[in-house]
Amino acid sequence: MVQIAPSILSADFSKLREEIIALEHAGADLIHIDVMDGHFVPNLTFGPQIVKSVRECTKLPLDVHLMVDNPDDMLEWFAYAGADIITVHTETCAHLDKTIEQIHSLGAKAGVSLNPATSEKVLEYVLNKLDLVLVMSVNPGFGGQAFQSEQLKKINMLKEMRKALPYLIEVDGGINPMTASECTAAGADILVAGTSVFSGGDYKNNIQALR
Ligand code: DX5
Ligand code: ZN
């Protein structure tokens, strides 16, 4: 069964607590939090204080996606704020193996994300240490972009490479009911969705439609 991780990037920030509670009631499996630093990506979003506030609103796992340069400097902040999964971008890590080790030593699950132009092959030597691989199906920075279908091949490759390893495959960007079924057919375990959960209609129906 595929898991749905709504991205609160598309939530109404003026009523974040209600939004989180509504997502929980609507059947979300995780809460996806997009941390952007205005350097690695051209947008600026949440810091650890917001993650801590979200932590106080829900028992759902917090899936923190760090789109930041020098993530090593911030891992402690987000772990102490209550992140269950911390995902870094391989493009930002000079010593990826060490970063993964550091996330685990803080008691969180470790994920690594790949930009659309980054090959899954860069993960070959760390795959056995990962809890999650996050395939970006848009260039990170903003919600509401179109799904890049070339990424289906990457999802499939990661499924092939997994064999008996335990990592989950998550896909982020442009997920709607149609692209969701393509992703799960290719091997995705978790789908991140912003626009298609939050824009219009009822969150429960929207999440159900993705499932
Ligand atoms: C993009 C973010 C995504 C974004 C997805 O940089 O990482 O999590 O919120 O938004 P949609 O579902 O609108 O593409
Ligand atoms: Zn994300």
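Predicted, not measured: the structure shown is a model, and the values here were computed from it. The basis for the numbers below is simple: all heavy atoms, side chains too, and nothing from hydrogens, waters or symmetry mates. Just follow the structure's listing: the first ligand is 1, and inside any ligand the first atom is 1.
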Tell me which protein heavy atom sits closest to [atom], plus the residue, atom name and distance to 0.1 Å.
{"atom": "atom 12 (O) of ligand 1", "result": "Gly194 N, 2.8 Å"}
{"atom": "atom 14 (O) of ligand 1", "result": "Gly174 N, 2.8 Å"}
{"atom": "atom 3 (C) of ligand 1", "result": "Asp172 OD1, 2.8 Å"}
{"atom": "atom 6 (O) of ligand 1", "result": "Gly141 N, 2.7 Å"}
{"atom": "atom 1 (C) of ligand 1", "result": "Phe142 O, 3.6 Å"}
{"atom": "atom 10 (O) of ligand 1", "result": "Gly143 CA, 3.5 Å"}

Query raised in the report: Can a donor-acceptor pair be found between the side chains of Glu182 and Ser149 at a distance below 3.5 Å?
Result: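 The criterion, which ignores hydrogens and geometry beyond distance, is not satisfied for Ser149 and Glu182.
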At less than 4.0 angstrom from any non-hydrogen atom of [X], what atoms of ligand 1 do you find?
{"X": "Pro140", "result": "6 (O)"}
{"X": "Met36", "result": "6 (O)"}
{"X": "Met67", "result": "6 (O), 7 (O)"}
{"X": "Asp34", "result": "2 (C), 3 (C), 4 (C), 7 (O), 8 (O), 9 (O)"}
{"X": "His65", "result": "7 (O)"}
{"X": "His32", "result": "8 (O)"}
{"X": "Met136", "result": "7 (O)"}
{"X": "Gly173", "result": "14 (O)"}

Requested in this report: Taking atom CD of Glu18 as the centre, report whether more than 12 heavy atoms of other residues, nucleotides or ligands fall under 6.0 Å from it.
Outcome: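 For Glu18, atom CD is crowded (more than 12 foreign heavy atoms under 6.0 Å).
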Query raised in the report: Does the Arg162 side chain pair with the main chain of Tyr167, one donor and one acceptor, at a distance under 3.5 Å?
Result: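 It does hold such a pair.
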Report task. Ignoring hydrogens and angles, tell me if any N or O in the side chain of Lys153 forms a donor-acceptor pair with the backbone of Ala186 under 3.5 Å. Result ->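 Absent.
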Query raised in the report: Step by step, would you call Lys159 with Asp189 a salt bridge (Lys or Arg N to Asp or Glu O under 4.0 Å)?
Result: CA-CA 10 Å; Lys159 188 186 165 196; Asp189 304 295; over 6 Å; no
**Report entry** the Zn ion (ligand 2) - name of the N/O/S atom of Asp172 that sits closest to it
**Finding:**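 Sorting the N, O and S atoms of Asp172 by distance to the Zn ion (ligand 2) puts OD2 first.
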Query raised in the report: Leu132 and Leu158: same hydrophobic cluster, using ILVMFWY side-chain contacts below 4.5 Å?
Result: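 Leu132 and Leu158: separate clusters.
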**Report entry** Sub-4.0 Å heavy-atom contact, Gly144 with ligand 1
**Finding:**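 Yes, Gly144 has heavy atoms under 4.0 Å from ligand 1.
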Requested in this report: Determine the minimum heavy-atom distance between Asp34 and Phe46, stating which atoms define it.
Outcome: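 Distance-wise, the nearest heavy atoms are O-CD1, 3.1 Å.
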Query - Considering all heavy atoms, the nearest Gln3-Asp29 contact - result: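 Smallest heavy-atom distance, with atoms named: CA-OD2, 3.2 Å.
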Within this structure, what is the [atom1]-[atom2] distance for the pair [X] and [Y], rounded to the nearest 0.5 Å?
{"X": "Cys183", "Y": "Ile169", "atom1": "SG", "atom2": "CD1", "result": "10.5 Å"}
{"X": "Ile86", "Y": "Asp131", "atom1": "CD1", "atom2": "CG", "result": "11.0 Å"}
{"X": "Ser137", "Y": "Ile175", "atom1": "OG", "atom2": "CD1", "result": "4.5 Å"}

Requested in this report: Please work out whether any backbone atom (N, CA, C, O) or any side-chain heavy atom from C-beta onward of Thr195 is under 4.0 Å from ligand 1, and answer side chain, backbone, both or neither.
Outcome: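 Both backbone and side chain.
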Requested in this report: Please state which part of Ser7 comes within less than 4.0 Å of ligand 1, counting heavy atoms only: side chain, backbone, both or neither.
Outcome: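 It is the side chain that gets close, since no backbone atom is under 4.0 Å.
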Query - Angle subtended at the Zn ion (ligand 2) by OD1 of Asp34 and ND1 of His65, nearest 10° - result: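 OD1 of Asp34 and ND1 of His65 make an angle of 90° at the Zn ion (ligand 2), to the nearest 10°.
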Query raised in the report: With the threshold set at 4.0 Å, does a side-chain nitrogen-carboxylate oxygen contact exist between Lys109 and Asp84?
Result: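 The answer is no: the pair does not qualify as a salt bridge.
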